[in-house]
Amino acid sequence: MLDLKLEDIDGILVRYNVALEKEMTPDEAAEELYPKDELVYPIAKAIYEGEEDDVIDGLKAAIDAGKDPITLINESLMVGMGVVSQLYDEGIIFLPNVMMSADAMLDGIEFCKTQTTEVPEPKGKVVCHVAEGDVHDIGKNIVAALLRASGYEVIDLGRDCPVDEVIEAVEKEKPMLVTGTALMTTTMYAFKEINDKLLEKGIQLPFACGGGAVNQDFVAQYDLGVYGEEASDAVKIANFIVENGEGIEKLREEFHKH
Amino acid sequence: MVKKYTSMAYASADDMLFGNAKFPVKAGLGLEIGAGYTTPEINYAPRPQAGKSKEKLIKEYERITTDSMARMVQIGAPSVVLETEHVEQMTNNPEWGGAVAHAQKTIMEEYHDEYGIKCALRHTPGDIREDRDYLKLTGDKFDLLMESFEQVAQNGADLLSVESMGGKEVFDYSILRNDTAGILFGIGVLGSMDMETVWTGVADIAKKNGVVAAGDTDCAQANTAMFIAGGLLDKNLAHTIAIVARAISAGRSLCAYEAGATGPGKDCGYENTILKSISGVPIAQEGKTSTCAHSDVMGNLVMQCCDLWSNESVEYHGEFGGTSVQCWGESLAYDCSLMNVALKTGKAKDLRDMFTLSDKYRDPQGYVLAYDNAYRVGEAIAKDGNDNYLRAKNAAVECCNIINEGVASGKLKLTRFEINALTKVKDDLDALTDDSDKFMSDCLTRFKEEVAVFRPENYGL
Ligand code: B12
């Protein structure tokens with residue numbers, strides 16, 4: 001078969017990912033970010049490595065040494081996960097690492113809860129769902145995992161979720177944010193309905209929408225809608241609300257890029 | 001009943017070409033697929049409002065069909081295939097699907113009678129065996145799916161296809177966790193088992209109605225991996241893992257032809273070049289002309305061995321150049337015209353190689369799917385063709401070897417991240433047993449525990 005000479009390939013295509021790859025390896029980058037405390041360090045590292053058994057071992061050691069389980073959630077588990085999230089945002093590590101770390105962190109939180117009667121305070125509560133009639137749920141799963149990884153409590157209503165179930169969940173759980181995912185042009189209209197029913201009941205909260213079919217123009221048509229392109233935008237939207245309140249206008253200024 | 005492939009249809013990779021299949025397929029009105037020429041396959045979706053009632057849907061598909069056929073005639077295209085991928089209402093109400101097929105075929109017959117244009121209608125019922133919480137592969141929903149095939153076959157569909165989703169529950173869990181055994185189990189083992197059931201059913205219905213059991217695609221898994229992997233700068237999945245999933249999917253999609261399907265394979269099966277090398281069936285492909293539906297990193301390469309050339313799907317609406325089906329159909333037809341000229345002037349192998357080289361080094365996925373390498377993956381599958389697990393594992397191992405050789409040649413450049421991900425997959429594969437029964441029982445134990453929605457009874461386990 002015909003072939004290209006090595007020196008001719010660059011004129012045909014550019015592997016920008018290779019050209020731009022960071023010098024530092026992920027492990028080295030993580031090492032720079034871990035907290036130095038010798039009881040916390042192994043926990044954070046085990047989170048980064050996604051090793052749930054090591055996470056639990058580290059927590060046991062820290063609790064034996066007198067650390068408070070609830071404090072450990074924020075000062076070791078969340079800090080370890082913060083390292084992971086930062087590296088993901090910077091393009092140094094990829095999603096599967098985040099998923100495995102998040103699993104390890106959730107195991108760690110469960111363990112801490114068994115060691116105390118106190119109840120940990122999450123950063124905020126978010127309701128996630130996939131539009132009615134739509135079974136494409138991988139994007140939503142990523143959104144939910146990243147939100148959990150950032151310390152939010154996620155109420156995951158799953159896929160093909162009826163409009164009324166979303167409304168009920170919002171009334172019951174009183175979240176700071178609802179997210180919706182739709183991959184079909186035929187299903188995304190459910191978001192408008194959700195918007196209208198929430199407003200009818202006098203409920204005002206940001207409704208972040210994304211997924212393959214959804215675009216900014218569509219989301220901007222209903223009052224509560226905030227469009228997000230990437231799964232990580234859901235976390236950024238939640239963080240923005242924690243820092244700046246839930247004004248839809250401000251959110252749109254920040255996140256509507258097109 | 002199910003006869004496994006243990007040898008290759010072609011003696012060498014160089015024998016594979018667009019517009020030519022070892023076993024061409026006659027279908028519809030005067031069309032022969034893979035018999036020395038390529039044919040455009042136009043795909044479309046109705047506008048959302050059109051799904052409200054049966055009457056509205058039929059009207060919408062009549063417009064789509066008339067527009068498409070009219071444009072093909074206006075530009076002098078000798079042949080065309082139309083593919084209707086069902087919206088959910090059409091499969092869940094089998095008589096809706098049948099009525100749409102009938103309406104479309106009536107129009108196509110008129111065009112065929114008047115102009116002699118060769119044409120065929122493909123119908124692809126949706127795999128509706130998924131409810132909100134679980135896959136329900138057997139029982140009522142399976143029967144309904146088969147009823148849908150029956151209805152479209154009786155009412156005018158010439159080619160029957162489906163994008164079946166067996167194994168997806170385990171795959172979805174595994175792909176987000178780089179779980180090599182889970183990817184292999186979901187696609188290679190569970191997916192293959194479900195394929196055998198579905199395609200035995202479809203082949204029976206096709207035979208009974210004198211139409212063609214065409215083929216499947218691993219859209220639900222390998223394409224999901226490809227989309228999660230995304231473009232060069234996306235960071236959700238290593239492209240090296242996406243292509244390993246694709247190589248595994250070839251063993252799975254092959255099951256359709258082993259259960260009686262004859263091709264043309266479905267357009268979005270990027271594994272189709274591998275399937276063609278083993279089975280010799282004609283294939284549909286999509287690439288640069290399906291950017292209306294999705295982006296990929298091998299838009300020209302996939303044309304290398306196609307028999308039908310498709311746009312995957314476009315919503316029906318107006319564009320400056322006509323309706324969307326007319327615009328995209330026209331692009332397809334001109335691509336086919338170019339390929340057909342190459343075939344007639346003895347330049348086809350050069351053109352094929354140019355398609356391939358355009359994208360061979362763009363991404364590890366294109367590298368492995370380049371026809372020379374695809375053929376090698378095919379050989380790895382045929383070597384243990386009788387064993388769904390072993391052949392899927394072979395394909396994955398061969399895929400890793402091919403990429404490593406490409407990297408060693410200096411032409412395929414990977415990021416450290418992609419290389420590390422590949423090394424991990426290869427190590428995982430090397431650590432796996434060669435005993436299919438043991439693999440099965442290990443995976444059953446593990447995934448019953450880890451994947452809440454996994455129901456072994458779906459697979460008769
Ligand atoms: C994989 C896939 C499937 C899989 C789904 C597996 C699963 N568990 O999700 C299966 C095989 C089941 C499937 C089935 C069908 N599919 Co499908 N599928 C796809 C495909 C190829 C990729 C989708 C995907 O997973 N992408 C990767 C994920 C990660 O992307 P994502 O969800 O968009 O999420 C990202 C962002 O959008 C964002 N995000 C997501 N949600 C949110 C929310 C917030 C708040 C924020 C900030 C961000 C955010 O984060 C993610 C990562 O950054 C698309 C093609 C395409 N172009 O999208 C077709 C596609 C979506 N499918 C389509 C169709 C038609 C179907 C079927 C009807 C086919 C049929 N005839 O049976 C059925 C639908 C069944 C149903 N009722 O839902 C069409 C939809 C066309 C339309 N009408 O709009 C598409 C576009 C293909 C096409 N071009 O024709 N499909």
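Just so we're on the same page: letters track the sequence lines, and every chain starts at 1.
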One option among B/Arg362, B/Glu315, B/Glu88, B/Gln49 has the most heavy-atom pairs under 4.5 Å with chain A, and it is B/Arg362

Would a distance-only check, ignoring hydrogens and angles, find a side-chain to backbone donor-acceptor pair under 3.5 Å from B/Tyr61 to B/Ala45?
no

Looking only at A/Gly139, A/Cys161, A/Gly133, most heavy-atom pairs under 4.5 Å shared with chain B are made by A/Cys161

If one checks every heavy atom of A/Ile9 against chain B at 4.5 Å, the contacting part turns out to be side chain

Turns out that what part of B/Tyr371 lies under 4.5 Å from chain A's heavy atoms comes down to side chain

task: May I ask you to decide if A/Phe218's main-chain N or O and A/Asn215's side chain share a donor-acceptor pair within less than 3.5 Å?
output: yes

Okay, A/Met100 and chain B: the region with an atom under 4.5 Å from a heavy atom over there is side chain

If one checks every heavy atom of A/Val98 against chain B at 4.5 Å, the contacting part turns out to be neither

Interface check, chain B: of A/Glu21, A/Met99, A/Lys5, most non-hydrogen pairs under 4.5 Å belong to A/Glu21

The interface call for B/Asp133 against chain A, heavy-atom contacts under 4.5 Å, is backbone

When the 4.5 angstrom heavy-atom criterion is applied to A/Asp10 and chain B, the contacting part is side chain

Rounded to the nearest 0.5 angstrom, the CD-CD distance for A/Glu28 and A/Glu31 is 9.5 Å

* Asked: Is the NZ or CZ atom of B/Arg177 positioned over B/Tyr173's six-membered ring, under 6.0 angstrom from the centre and within 45° of the axis?
  -> yes

Are side-chain heavy atoms of A/Asn239 and A/Val235 found at a separation under 4.5 Å? yes

- prompt: Heavy-atom count around B/Lys411 NZ within 6.0 Å, excluding the residue itself: above 12?
  reply: yes

Per-residue tally against chain B (heavy atom, under 4.5 Å) across A/Thr186, A/Val135, A/Ile12, A/Ile138 peaks at A/Ile138

Cut-off 4.5 Å, heavy atoms of chain A, and the answer for B/Lys168 is side chain

Answer key: most heavy-atom pairs under 4.5 Å with chain B among A/Asp103, A/Asn97, A/Asp137 is A/Asp103

Original post:
Is the number of heavy atoms from other residues, nucleotides or ligands under 6.0 Å of B/Glu449 CD greater than 12?
Top reply: no

Legend entry - Heavy-atom side-chain contact between B/Lys424 and B/Asn178 under 4.5 Å: yes

Under 4.5 Å to a heavy atom of chain A? For B/Glu418 that would be side chain

Under 4.5 Å to a heavy atom of chain A? For B/Ile241 that would be neither

Honestly, the part of B/Ser358 sitting under 4.5 Å from a heavy atom of chain A is backbone

In short, B/Ala229 meets B/Asp234 closest at the heavy-atom pair O-CB, 3.4 Å

Okay, B/Lys349 and chain A: the region with an atom under 4.5 Å from a heavy atom over there is neither

Determine, for B/Glu60 against B/Lys52, whether the closest basic-nitrogen to carboxylate-oxygen distance falls under 4.0 angstrom. no

Highest number of heavy-atom pairs under 4.5 Å with chain A among B/Asp359, B/Asp172, B/Thr356 belongs to B/Asp172

Applying a strict 4.5 Å limit to non-hydrogen atoms, the region of B/Ala238 in contact with chain A is backbone

*asked:* Under 6.0 Å between ring centres: does that hold for A/Phe191 and A/Phe207?
replied: yes

So, the part of B/Asp350 with a heavy atom under 4.5 Å from chain A: the answer is both

Below 6.0 angstrom between ring centroids: does that apply to A/Tyr227 and A/Phe255? no

Whatever's closer than 4.5 Å to a heavy atom in chain B on A/Tyr189 counts as side chain

